[in-house]
4 protein chains.
Amino acid sequence: MEFNFNKAIYLQITDLFCDEILVKKWNNGDRIPSVRELAINIEVNPNTVMRTYSYLQEKGIVYNKRGIGYFLTDDAFEKTLKMRKEEFIKQDLPVIFKTVKLLDINFDDLKTLYNEFESNK
Amino acid sequence: MEFNFNKAIYLQITDLFCDEILVKKWNNGDRIPSVRELAINIEVNPNTVMRTYSYLQEKGIVYNKRGIGYFLTDDAFEKTLKMRKEEFIKQDLPVIFKTVKLLDINFDDLKTLYNEFESNK
Amino acid sequence: MEFNFNKAIYLQITDLFCDEILVKKWNNGDRIPSVRELAINIEVNPNTVMRTYSYLQEKGIVYNKRGIGYFLTDDAFEKTLKMRKEEFIKQDLPVIFKTVKLLDINFDDLKTLYNEFESNK
Amino acid sequence: MEFNFNKAIYLQITDLFCDEILVKKWNNGDRIPSVRELAINIEVNPNTVMRTYSYLQEKGIVYNKRGIGYFLTDDAFEKTLKMRKEEFIKQDLPVIFKTVKLLDINFDDLKTLYNEFESNK
DNA sequence: GTGGTCTAGACCACC
DNA sequence: GTGGTCTAGACCACA
């Protein structure tokens with residue numbers, strides 16, 4: 001049996017960073033922290049941050065200017081939203097729906113619970 | 001920053017075992033594997049399985065007969081369902097709803113996705 | 001025939017600790033000895049003390065702050081008193097009453113003996 | 001700290017045997033089991049039973065006829081009752097009363113509980 | 001430093 | 001065989 005379900009750290013950092021984009025902590029075109037700066041802040045190896053930024057660069061969410069730093073692209077927010085939405089729908093939702101069925105929860109109940117959640121916020 | 005989100009092993013075993021109850025692998029009143037047996041099967045220390053069984057005993061899902069073994073109670077299924085439902089609603093749903101809002105997903109879209117999920121199964 | 005009536009050590013520690021609460025050695029809200037500290041003092045394994053504290057936590061008599069220590073809850077005294085009273089009435093009293101009958105002791109005699117006990121103290 | 005509260009085995013046997021006298025399993029003058037017989041029955045060393053019988057002999061509750069066996073004396077019941085009563089009053093009652101006070105139980109409550117106990121029997 | 005968990009291995013009582 | 005308890009010692013996260 002396997003008991004280590006940790007995601008790779010660079011992917012965990014990616015998730016956190018994307019969250020920050022979605023809540024507008026960073027906006028399209030913004031300069032974002034340098035690899036070294038972020039690495040110190042969150043106490044990980046700079047190489048790990050590098051992998052995060054490279055990954056986001058592949059996705060067209062960040063780009064870099066040699067010798068200057070990393071920046072969000074002009075459609076970083078939209079791309080992040082799309083990427084995360086796809087991940088959520090393809091990876092998370094099936095698990096959630098499976099659980100909902102296993103627990104014999106009616107979909108209408110979910111609607112009720114969602115409304116409660118909304119009103120508490 | 002913290003990157004280790006592993007649940008305690010005995011709680012992971014608890015979760016897996018509850019799943020098995022919910023999918024009727026074990027039924028109310030069944031004798032379940034002995035502490036040692038399960039420990040060998042899933043390659044953990046007997047003490048760890050013991051903690052799982054003790055935890056489930058507190059919850060009224062299993063009981064034991066000294067020198068004989070552990071058994072599911074007569075309402076193990078119902079109690080498991082109730083326990084898991086509460087956990088899901090209190091712990092998982094808020095995170096899910098938060099994500100749904102963050103990703104700007106309309107609740108009605110979820111309904112559509114749920115129906116797709118249902119028909120594929 | 002069985003001649004070993006020893007209670008589990010962690011339950012004996014529980015009893016002694018509850019006594020200390022009842023005689024106000026520890027008061028509601030007090031920080032109590034750390035797991036290791038108590039383990040060294042009474043010369044048992046830290047795991048054994050851990051079981052005692054976990055047991056008391058289930059009963060709502062203690063709680064803990066991670067990395068800080070264990071504390072009595074705000075109604076620790078009341079809960080301890082209630083718990084011990086129930087145990088005494090359900091477990092000890094029947095044995096006592098049975099003995100009293102076996103020894104043909106009149107209940108009114110007990111009252112006299114109780115008064116003697118009171119005045120000697 | 002000391003965690004072994006076991007009474008000496010021969011005294012435990014003494015207690016059990018006295019109980020049997022008080023419930024009239026053995027009556028004054030009866031021949032009681034031989035040392036060897038009782039030792040086999042309750043699975044202890046014959047020497048241990050021997051200590052029990054010697055102890056009871058000192059108390060005038062049993063006597064032996066050389067080559068024949070052990071017998072209850074003619075006032076074994078009365079002596080047993082007296083002995084146990086004294087033990088109960090001097091050893092057990094103070095502990096009981098102390099607990100009763102510690103648990104803040106009113107003596108009148110005891111009377112009520114005793115009546116309940118009586119009616120259930 | 002604190003608590004929390006886990007392993008390895010032991011001994012016990014019960015069946 | 002079963003569960004129940006205990007020890008010794010380890011590693012982790014948190015503060």
C/T73 side chain to C/V62 main-chain N or O, any donor-acceptor pair under 3.5 Å?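 No, because the side chain of C/T73 does not come within donor-acceptor range (under 3.5 Å) of the backbone of C/V62.
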
Go through D/I42 and D/L38 one step at a time and tell me if the side-chain contact (heavy atoms from CB on, under 4.5 Å) criterion holds. CA-CA 6 Å; D/I42 62 178; D/L38 183 53; 4.0 Å; yes

Under 4.0 Å between any heavy atoms, over every strand shown, what does C/Y10 touch: base, sugar-phosphate, or nothing? Just pick one.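 Sugar-phosphate only.
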
Mind checking B/Y53 for me? I need base, sugar-phosphate or nothing, with any heavy atom below 4.0 Å counting as a touch.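 Since no nucleic acid heavy atom lies under 4.0 Å of B/Y53, the category is nothing.
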
Nearest whole Å is fine: how far is [N] [atom2] from [X] [atom1]?
{"X": "C/R51", "N": "F/dG4", "atom1": "CZ", "atom2": "P", "answer": "9 Å"}
{"X": "B/L11", "N": "E/dT5", "atom1": "CG", "atom2": "P", "answer": "7 Å"}
{"X": "C/I40", "N": "E/dT2", "atom1": "CD1", "atom2": "P", "answer": "9 Å"}
{"X": "C/K7", "N": "F/dG4", "atom1": "NZ", "atom2": "P", "answer": "17 Å"}
{"X": "D/E43", "N": "E/dA13", "atom1": "CD", "atom2": "C1'", "answer": "13 Å"}
{"X": "B/Y63", "N": "F/dT2", "atom1": "OH", "atom2": "C1'", "answer": "14 Å"}
{"X": "C/E37", "N": "E/dG1", "atom1": "CD", "atom2": "P", "answer": "12 Å"}
{"X": "C/I13", "N": "F/dT7", "atom1": "CD1", "atom2": "C1'", "answer": "13 Å"}

Where each residue is assigned the nucleotide of DNA chain E containing its nearest heavy atom, which of C/M50 and B/T48 is assigned the position nearer the 5′ end?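 Going by which nucleotide is closer to the 5' end, it is C/M50.
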
Picking from [options], which would you name as closest to the side chain of [X]?
{"X": "B/A8", "options": "F/dA8, E/dA8, E/dT5", "answer": "E/dT5"}
{"X": "C/V44", "options": "F/dG4, E/dT7, F/dT7", "answer": "F/dT7"}
{"X": "C/I68", "options": "E/dG4, F/dA15, E/dA8", "answer": "F/dA15"}
{"X": "C/R66", "options": "F/dT7, E/dG4, F/dT5", "answer": "E/dG4"}

State the pairing partner of F/dC12; accept Watson-Crick or G-U wobble contacts with both distances under 3.5 Å, and report none otherwise.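 Base-paired to E/dG3.
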
Below 4.5 Å, heavy atoms only, C-beta onward: do A/D30 and A/N27 meet side chain to side chain?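 Sidechains of A/N27 and A/D30: in contact.
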
Does a distance-only test, which skips hydrogens and angles, find a donor-acceptor pair under 3.5 Å between the side chain of C/N47 and the base of F/dG9?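 Donor-acceptor pair under 3.5 Å: yes.
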
Is the base of E/dG3 touched by the side chain of C/R36 through a donor-acceptor pair closer than 3.5 angstrom?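 Yes, the side chain and the base share a sub-3.5 Å donor-acceptor pair.
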
Evaluate A/L113 against A/E116 for side-chain contact (heavy atoms from CB on, under 4.5 Å), listing each step before the verdict. CA-CA 5 Å; A/L113 290 163; A/E116 279 175 24; 4.0 Å; yes

Counting just side-chain N and O atoms, does C/N64 come under 4.0 Å of either OP1 or OP2 of E/dG4?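 Result: yes.
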
Is the distance from OP1 or OP2 of E/dT5 to the nearest side-chain N or O of B/Y55 less than 4.0 Å?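 The answer is no; no side-chain N or O of B/Y55 sits under 4.0 Å from OP1 or OP2.
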
Ring-plane angle category for D/Y55 and D/Y10, please: parallel below 30°, perpendicular beyond 60°, tilted otherwise.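 The arrangement is perpendicular - the two ring planes meet at more than 60°.
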
